[in-house]
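None of these values were measured; they are calculated from a predicted model. So that the names make sense, note that chain A is the first sequence line, chain B the second, and so on, each numbered from 1.
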Amino acid sequence: MVDLKFIRENPEIVKEALKKRNTEDDLIDEILNLDEQRRAFLKEVENLRAERNKNSNLVARLKAEKRFAEADSLIEQGKEISEKIKNLESELKQIEEKLNNKLLYVPNIPDDTVPYGKDENDNVEIRRWGTPRTFDFEPKAHWDLGPELDLLDFDRGAKLSGSRFTVLKGDIALLELALINFMVDLHTKEHGYRFIMPPHLVTKETITATGQLPKFEEDLYKTTVDELYLISTAEVPLGGMHRNEVLELKNLPLKYVSYTPCYRREAGSYGKDVRGMIRQHQFDKVELFWYTTPEESNEALETLTAHAEKVLQLLELPYRVIILCSGDLGFAAAKTFDIEVWLPSYNNYKEISSCSTTKDFQARRGNVRYKTKENKLEFVHTLNGSGLAVGRTLVAIMENYQTADGKIKIPEKLIPYMGKKYIG
RNA sequence: GGAGACGUAGCCUAAUUGGCUAAGGCGUCGGUCUUGAAAACCGAUGGGGUUACACCCCGUGUGGGUUCGAGUCCCACCGUCUCCGCCA
């Protein structure tokens, strides 16, 4: 959530930010208008409340002095005041609800260092690592290789659950588990994260705090009976854990790593990545999440991104890092680095991690604060990043590590987790 | 699922049968003192309205209600604990 006060005082900056995101509409003017109405009503209500308070205090004093007749006449006056307050309050409440709802639809303001751009074509490459392998045979895409080796079963995935579901079988399922363990080990033992296993079903309040609701309801799976939402990323429970809490400065930064499946309806991605298991309704992801101070959050984004990159380096998978331009930035993010891994089947780099700072955007929505050295309560900054998307890592290994005789070599670092050097 | 107890500020704990300003402690920050620290003492320590101050409003799990007036009374919901039931 963007600070209402900030919008009020800097409407042009906020409008400009929205324009850079291609989300220009009259949202800001509506908010300013509602805010003005709200404050006008508030003033009136507060004056009446002050009058009521004065009145009832006087009643108490008169009664104590046994001046009952005078008290009775004040009680009559009090009734009238209360009636007025009641009416105004209900109008005020309606305005406030409208205002708050609008505020939840305002995306985060891009950081100054975010390049201006319209869409993904304007993202800027920052660095590359590794060199894509040159094959002395025709490499197969994972959607061919997987079924041929009876490791990926797209047909049965579709039979069980429809399109964009896949069954992982045998060694490839074990490789998925190995990857999860490998990533969690790295982040907990080398990078100092605390491992968290959160619920996968969360309340509306929780998923609103991280920014998936209310704007992206159509992308979420929702249970009907209890109105719980399936998480679309572990960012949701990790970012919701400290909702309405005050964190201790000495405990910051809090660094959490989590493994969860992620459930996404992928509404609006029809025709995108339809082959194979690049884009699924359910996929595993190891997620990194930070709670930190405003002073340290810029550097934290670099560190978090480096932690995600480390996974690819250890697996010796070529990748590049790009910074998202303003037009491609996610709703809650102020700045995002995407890590893209080399995929032979795409003959290109493909997103495997997205590392973002939301600054105080999520903390404001979730009311997560900390006490500064000066003893002030302030919103923390939150960051999140995939470390990594496990399914896509699996695909990258299958494609990049395939052999001429149609097998898959296991990356050096994963051999201890797999107990073998080849599968297939 | 059933029964009971409970929910107060960053934390812990008070508040006659509804009545003036939610008291006190701890922690934290600032100050006095000190070579430095501790102790002691003083002050500060939720949100909002007002350009800012003065001032005012709100804030006792959430939302309603009763009342001139609600931490206190009533209703619903959420959560925690205890016991019972069911269950991998």
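The P atoms of U72(B) and C86(B) are separated by 39 Å, rounded to the nearest whole Å. The separation of A3(B) from C77(B), taken at their P atoms, amounts to 12 Å, rounded to a whole angstrom. Atom P of G65(B) sits at a distance of 26 Å from the matching atom of U17(B), rounded to the whole Å. Between C29(B) and G46(B), the two P atoms lie 16 Å apart (nearest whole Å). Atom C1' of A5(B) sits at a distance of 16 Å from the matching atom of G61(B), rounded to the whole Å. If you take atom P in C73(B) and the same atom in A14(B), they sit 16 Å apart, rounded to whole Å. Across U8(B) and G25(B), the matching C1' atoms stand 15 Å from one another, rounded to whole Å. When the C1' atom is compared between G18(B) and U67(B), the two are found 9 Å apart, to the nearest whole Å.
Taking 4.0 angstrom as the limit, Asn53(A) places a side-chain polar atom (N or O) nearer than this to OP1 or OP2 of C58(B). In terms of phosphate contacts, Ser82(A) brings a side-chain nitrogen or oxygen within less than 4.0 Å of OP1 or OP2 of G69(B). Between Arg52(A) and A70(B) there is no side-chain polar atom (N or O) within less than 4.0 angstrom of OP1 or OP2. OP1 or OP2 of U66(B) lies within a sub-4.0 Å distance of a side-chain N or O belonging to Lys86(A). When the side-chain nitrogen and oxygen atoms of Lys371(A) are compared with OP1 and OP2 of A44(B), none of them lie within a distance under 4.0 Å. OP1 or OP2 of C68(B) sits under 4.0 Å from a side-chain N or O of Lys79(A). The phosphate of G48(B) (OP1 or OP2) has no side-chain N or O of Arg49(A) nearer than 4.0 angstrom.
Between Glu378(A) atom CD and C29(B) atom C1' there is a gap of 14 Å when expressed in whole angstrom units. Taking atom CD1 of residue Ile81(A) and atom P of nucleotide U67(B), one finds them 16 Å apart after rounding to whole Å. What separates CD of Glu245(A) from C1' of C11(B) is a distance of 13 Å, to the nearest Å. Taking atom CG of Asp72(A) as the reference point, atom P of U67(B) lies 15 Å away to the nearest angstrom. Residue Leu4(A) contributes atom CG, which lies 12 Å from atom C1' of G49(B) at whole-angstrom precision. One interatomic measurement links the two molecules: CZ of Phe6(A) to P of G48(B), which rounds to 16 Å at whole-angstrom precision. Distance, Leu249(A) CG to G27(B) P: 18 Å, rounded to whole Å. One interatomic measurement links the two molecules: NZ of Lys250(A) to C1' of C29(B), which rounds to 15 Å at whole-angstrom precision.
Applying the Watson-Crick and G-U wobble criteria (two distances, each under 3.5 Å), C20(B) pairs with nothing in any strand. Nucleotide A37(B) is matched to nothing when pairs are restricted to Watson-Crick or G-U wobble geometry with both distances under 3.5 angstrom. Across all strands shown, the partner of C73(B) is G65(B), judged by Watson-Crick or G-U wobble contacts whose two distances both fall under 3.5 Å. Judged by Watson-Crick or G-U wobble contacts below 3.5 Å, the nucleotide G79(B) has C6(B) as its partner. Both distances falling under 3.5 Å, in either a Watson-Crick or a G-U wobble arrangement, occur for no nucleotide opposite A88(B). Summarising the base pairing, A44(B) is matched to U28(B) through a Watson-Crick or G-U wobble pair whose two defining distances lie under 3.5 Å. Pair check for C55(B) finds G49(B); Watson-Crick or G-U wobble, both atom distances under 3.5 Å.
With Lys102(A) as the partner, the salt bridge (Lys or Arg N to Asp or Glu O under 4.0 Å) test is satisfied by one option alone out of Glu30(A), Glu96(A), Glu97(A): Glu30(A). With Leu179(A) as the partner, the side chain to side chain contact (heavy atoms under 4.5 Å, CB included) test is satisfied by one option alone out of Val286(A), Leu315(A), Leu174(A): Leu315(A). Checked options Met398(A), Glu399(A), Glu148(A); the residue passing with Lys140(A) is Glu148(A) (criterion: side chain to side chain contact (heavy atoms under 4.5 Å, CB included)).
Residues Tyr229(A) and Glu217(A) have side chains that bring a donor and an acceptor to within less than 3.5 angstrom of each other.
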Please enumerate all protein N or O atoms sitting under 3.5 Å from an N or O of nucleotides 20-25 of chain B, with distances to 0.1 Å.
from   : atom 1 : to       : atom 2 : distance (Å)
U21(B) : OP2    : Asn57(A) : ND2    : 3.4

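Using a 4.0 Å heavy-atom cutoff across all strands shown, Arg8(A) reaches sugar-phosphate atoms only and no base atom.
Side-chain proximity of Leu42(A) to the nucleotides G46(B), G48(B), C68(B) is greatest for G48(B). Of the candidates G19(B), G49(B), G46(B), G46(B) carries the atom nearest the Leu377(A) side chain, counting heavy atoms from C-beta on. Side-chain proximity of Lys93(A) to the nucleotides G63(B), G49(B), C57(B) is greatest for G63(B).
Residue whose closest nucleotide on RNA chain B sits further toward the 5' end, between Lys373(A) and Arg369(A): Lys373(A). When each of Val246(A) and Lys43(A) is assigned the nucleotide of RNA chain B bearing its nearest heavy atom, the one mapping closer to the 5' terminus is Val246(A).
Here the two rings, on Tyr263(A) and His281(A), have centers that are 6.0 Å apart or farther. Less than 6.0 angstrom separates the ring centroid of Phe216(A) from the ring centroid of Phe331(A).
With hydrogens and angles disregarded, no donor-acceptor distance shorter than 3.5 Å links the side chain of Ser356(A) to the backbone of Thr358(A). With hydrogens and angles ignored, the 3.5 Å screen pairs a side-chain donor or acceptor of Ser258(A) with a backbone N or O of Ile196(A).
For the pair Lys215(A) and Tyr105(A), the cation-pi criterion (under 6.0 Å, within 45° of the ring axis) is not fulfilled.
For Glu46(A) against G48(B), a side-chain N or O and a base N or O form a donor-acceptor pair under 3.5 Å.
Salt bridge present: Lys169(A) and Asp153(A) bring a charged side-chain N and a carboxylate O closer than 4.0 Å.
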